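Because only heavy atoms are used, hydrogens play no part in the values below, and waters and symmetry mates are left out as well, while side chains stay in. These numbers come from a predicted model, not from an experiment.
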Amino acid sequence: MKTTRLAVSLLFALAANAAAQSTPDLTGLWGATLRFGPDTHGPLIIYRVPEGWRADVAGFTVAVRGDRPATFAFELPDGKGSLRNGHWIQGGAATPVTLTPQGVRTWRGTVTPLDNRLTFYLPITRQPDGTLRTYLRNPERNAGWFTRTKRIDVNGTDVRLIGPSGRGPGPDTTLVQGHYENGVITLPLRGGTYDFTRISDTASSPFYPRGNPPPRYRYAAPLQLDDGWPIATLEDVGFSRPAIEQFVQLLIDMPMDSLNTLQIHSLLIARHGKLVLEEYFHGASRDEPHNLRSASKSWTATLIGAAMHAGVPLRLDTRVYRTMLGTVPAELDPRKRAMTLEHLLTMTAGFNCDEDDSTSANEDVMDGRGIEHWWDYTLTVPLVSPPGDKIFYCSTEAHLAGGLLAKVARTPQLELFGRLLARPMRMRNYYLAVRDGDAYGGGGHAFTSRDFAKLAQLMVNNGRWNGRQVVSADWVRRSTAPLRDLTPTQQYGYLWNSVAYDYHGRKIRAFFAGGNGGQVSMGIPDLDLVVAFTGGNYNDPVLFTGQRVYVPRYVLPAVK
């Protein structure tokens, strides 16, 4: 009998040991990336033939319209890209193409479309109760915010991400089901199926601000480049170097232990017109344009100001409907007749922009309904209040303002941006989001951090960049003024935000371009100061940390 019991116990022990050996140890950091193209890229050659001009790019040869580089235009088949207004347009984004002469009959350039990719990180840690805690980190869109994984369960080769099904409290459920095999965790996530592989804990993975373990930070002045930024040191412009070093070290030491951990991608500081700090984190770099989301609205306002300064006959009191439609229908709502450019710039046009209303002009609603012509559709949306009465944050109002500019100028915004802003301000590496065949005024442009910081610096300089008046000083004053209360502590001008800070016993005012995820280009005229952040906390309230916490707590006290 004892022998039988001993045998049974031994069998149970062997089975438990086999089960333990068959359950893989998944603790550690895992990562996966999918790239979605576009694949049209490389050298572009435009050459003269007896019939006119032809373009050779990415294996295609097509006819070219126009007779000089500024007017060259063509389209590749199947939506694989086009050249128009000096920009390559592909995948919903436009980027400048510089054509240089190669002899008398040939022009040469390079097509570099915006790379579309998604990366997911899966940090897995074992809890005292034996469960595996994890969350999904996605730097490009913070998609983990919508798939709020709390733990990962493994049963043989079956893998499940577990968490609440909604944003509020509720029971946990299976959010994602995949499998594990041969050292790979395969999960269906946004955009496709991802094969996660283990990342070494000592690797310099972009999951961490600057590797694991992080190094000790030592300040160094930014590089002097041919982009119009004068360079100086922190001490040269009256900053406490130890205080700024402590602040940057805080960002480097940020523990990546939850979905809500702050992710700063870049931090730049300029004072007295000189760039004195330039730091990047999480794999971001000086040469990689960053999506600015709604901070791009301030570029729209700046382009409108630059066009007015250049002589385009657009005015703040330009009527929206009369200009966009040509003739105003007799049955048009009288309130719409009174709508002007200034109403669009101050978000007081009164359009219904409710994301919960399927007939509104909210950008997510229009995308979901497959609306193609946003300018035309927005004009048909009913008003919820008379123009000028109330402020409603509505991205399509900024987009309509850009459309009004193009209509009056009889020139696409893509061309105007290149001529009036990009070339004078030495911006060469950027991507403009495209809607209605032109720049989307509501958001989504991608700029390098140095060029993003130029936006606030231009305004601090009263519209001048390197000695050239790009926008008028009066436009700067109007744009950045606290014209309307957007929140109890934040005001709005012409597509610019405005806040006040305490500084040595007095109030100083700051204006900033702000975008989802933590994109900030801020000017503080009283201190002749510019601060710029980019980040990846999309949709998470922690995205406001830069302007609400870091500027008053760490940057301003460091100004001597």
Colleague: Taking the side chain from T480 and the backbone from V476, do they hold a donor-acceptor pair closer than 3.5 Å?
Modeller: yes
Colleague: Looking at every heavy atom in both R210 and P215, which two are closest together, and how far apart are they?
Modeller: O-CD, 3.2 Å
Colleague: Closest approach of L556 and D502, non-hydrogen atoms and distance?
Modeller: CD1-O, 4.3 Å
Colleague: I'd like to know if the side chain of D236 and the backbone of T233 have a donor-acceptor N/O pair within less than 3.5 Å.
Modeller: yes
Colleague: Any donor-acceptor pair under 3.5 Å linking the side chain of Q469 with the backbone of N462?
Modeller: yes
Colleague: Would K150 and R133 count as a side-chain contact (heavy atoms from CB on, under 4.5 Å) if you check the C-alpha gap in whole Å, the side-chain angles of each, and the deciding distance to 0.1 Å?
Modeller: CA-CA 6 Å; K150 293 167 56 177; R133 177 180 177 270; over 6 Å; no
Colleague: Using a distance-only test with no angle check, is there a side-chain donor-acceptor pair under 3.5 angstrom linking S395 and E397?
Modeller: no
Colleague: If we ignore angles and hydrogens, is there a donor and acceptor under 3.5 Å between the side chains of N352 and D357?
Modeller: yes
Colleague: I'd like to check the ring pair (Phe, Tyr, Trp, His ring centres under 6.0 Å) partners of Y538; sequence neighbours left out, ordered by chain and number.
Modeller: none
Colleague: Do any pairs count as a ring-ring contact (aromatic ring centres under 6.0 Å, His included) and have a residue in residues 212-246, sequence neighbours left out, and if so which ones?
Modeller: W229-W465
Colleague: Can you tell me which residue pairs pass the salt bridge (Lys or Arg N to Asp or Glu O under 4.0 Å) test with a partner in residues 438-465, sequence neighbours excluded?
Modeller: D227-R450, E278-R450, D451-K454
Colleague: Any non-hydrogen side-chain atom of L432 less than 4.5 Å from a side-chain atom of T95?
Modeller: no
Colleague: Between the side chain of T378 and the main-chain N/O of A361, is any donor-acceptor distance below 3.5 Å?
Modeller: no
Colleague: Just jot down the side-chain hydrogen bond (donor to acceptor under 3.5 Å, both in side chains) partners of Q246, sequence neighbours excluded, or say none.
Modeller: none
Colleague: State, to 0.1 Å, how close R137 and T261 come at their nearest heavy-atom pair, and which atoms those are.
Modeller: NH2-O, 3.1 Å
Colleague: What ring-ring contact (aromatic ring centres under 6.0 Å, His included) pairs are there with at least one residue in residues 482-532, not counting sequence neighbours?
Modeller: W475-Y494, W496-F511
Colleague: Quick one: OG1 on T534 to CD on Q263, what's the gap to the nearest 0.5 Å?
Modeller: 11.0 Å
Colleague: Do Q491 and R509 have side-chain atoms, one donor and one acceptor, less than 3.5 Å apart?
Modeller: yes
Colleague: For residues V530 and M522, determine if any side-chain heavy atom of one lies less than 4.5 Å from a side-chain heavy atom of the other.
Modeller: no
Colleague: Once you round to the nearest 0.5 Å, how far does OG1 of T448 lie from CG of N429?
Modeller: 6.5 Å
Colleague: Indicate yes or no for a side-chain donor-acceptor contact from R419 to the backbone of A422 under 3.5 Å, with no hydrogens or angles considered.
Modeller: no
Colleague: If you define the side chain from C-beta out and look only at heavy atoms, does anything of Y194 sit under 4.5 Å from L118?
Modeller: yes
Colleague: Testing the basics here: between W374 and D367, what is the closest heavy-atom pair and its distance to 0.1 Å?
Modeller: CZ2-OD1, 3.7 Å
Colleague: Step by step, would you call L114 with N116 a side-chain contact (heavy atoms from CB on, under 4.5 Å)?
Modeller: CA-CA 6 Å; L114 182 64; N116 185 10; over 6 Å; no
Colleague: What pair of heavy atoms forms the shortest contact from H87 to P96, and how long is it?
Modeller: CD2-N, 3.6 Å
Colleague: Hey, does the side chain of D436 reach the backbone of W375 with a donor-acceptor pair shorter than 3.5 angstrom?
Modeller: yes
Colleague: Among K297, H399, E363, find the residue that satisfies the side-chain hydrogen bond (donor to acceptor under 3.5 Å, both in side chains) test when tested with Y440.
Modeller: E363
Colleague: Considering residues, nucleotides and ligands other than R117, do more than 12 of their heavy atoms fall under 6.0 Å from its CZ?
Modeller: no
Colleague: Give me each pair satisfying side-chain hydrogen bond (donor to acceptor under 3.5 Å, both in side chains) with a member in residues 514-524, each pair once, sequence neighbours excluded.
Modeller: H290-Q519, N516-N539
Colleague: Give, for atom OG1 of T27 and atom CD1 of I152, the distance between the pair rounded to the nearest 0.5 Å.
Modeller: 11.0 Å
Colleague: Take T119 and F207 through the test side-chain contact (heavy atoms from CB on, under 4.5 Å) and record every step on the way to the result.
Modeller: CA-CA 10 Å; T119 295; F207 173 78; over 6 Å; no
Colleague: Are the side chains of F36 and D115 in touch, meaning some heavy atoms are under 4.5 Å apart?
Modeller: no
Colleague: Name all residues meeting the side-chain contact (heavy atoms from CB on, under 4.5 Å) criterion together with D226; count only those two or more places apart in sequence or in a different chain, and write none if there are none.
Modeller: R426, R428
Colleague: So do the side chains of S285 and Y280 get within less than 4.5 Å of each other, counting heavy atoms only?
Modeller: no
Colleague: Between F447 and F452 (judged by ring centroids, cut-off 6.0 Å), do the two rings come close enough to count as a pair?
Modeller: no
Colleague: Determine, step by step, whether R484 and T348 satisfy the side-chain contact (heavy atoms from CB on, under 4.5 Å) criterion, reporting the C-alpha distance in whole Å, the side-chain angles of both residues, the deciding distance to 0.1 Å, and the verdict.
Modeller: CA-CA 9 Å; R484 293 273 183 160; T348 60; 3.9 Å; yes
Colleague: Do you know which two heavy atoms are closest between F120 and N138, and how far apart they sit?
Modeller: CE2-CB, 3.7 Å
Colleague: With D485, which residues qualify under salt bridge (charged side-chain N to carboxylate O under 4.0 Å, His left out), at least two apart?
Modeller: none
Colleague: Side-chain contact test, heavy atoms from C-beta onward, threshold under 4.5 Å: evaluate it for L341 versus M308 and give yes or no.
Modeller: yes
Colleague: Any chance you could measure S204, atom OG, to N212, atom CG, to the nearest 0.5 Å?
Modeller: 10.5 Å
Colleague: Using the test side-chain hydrogen bond (donor to acceptor under 3.5 Å, both in side chains), find all partners of E355 that sit at least two apart in sequence or belong to another chain.
Modeller: none
Colleague: Under a 3.5 Å distance rule, please check whether S360 uses its side chain to pair with a backbone N or O of D354 as donor and acceptor.
Modeller: yes
Colleague: Rounded to the nearest 0.5 Å, how far does CD of Q224 lie from CD1 of I231?
Modeller: 5.0 Å
Colleague: Using salt bridge (charged side-chain N to carboxylate O under 4.0 Å, His left out) as the criterion, list what pairs up with K390, not counting sequence neighbours.
Modeller: none
Colleague: Any side-chain heavy atom of T197 within less than 4.5 Å of one from I199?
Modeller: no
Colleague: Once side-chain hydrogen bond (donor to acceptor under 3.5 Å, both in side chains) is applied, what residue pairs with a partner in residues 541-559 remain, sequence neighbours excluded?
Modeller: none
Colleague: Does R141 have more than 12 heavy atoms from other residues, nucleotides or ligands lying within 6.0 Å of its CZ?
Modeller: no
Colleague: Looking at the rings of F281 and Y208, which for Trp means the six-membered one, are their centres under 6.0 Å apart?
Modeller: no
Colleague: Do the non-hydrogen side-chain atoms of L421 and L303 ever get within less than 4.5 Å of each other?
Modeller: yes
Colleague: Tell me every residue that passes side-chain contact (heavy atoms from CB on, under 4.5 Å) with L175, counting only those two or more places apart in sequence or in another chain.
Modeller: T147, T149, T173
Colleague: Please check if the side chain of S240 supplies one atom and the backbone of A558 the other of a donor-acceptor pair under 3.5 Å.
Modeller: no
Colleague: If I take atom CZ from residue R271 and atom CG from residue L527, how far apart are they, to the nearest 0.5 angstrom?
Modeller: 5.5 Å
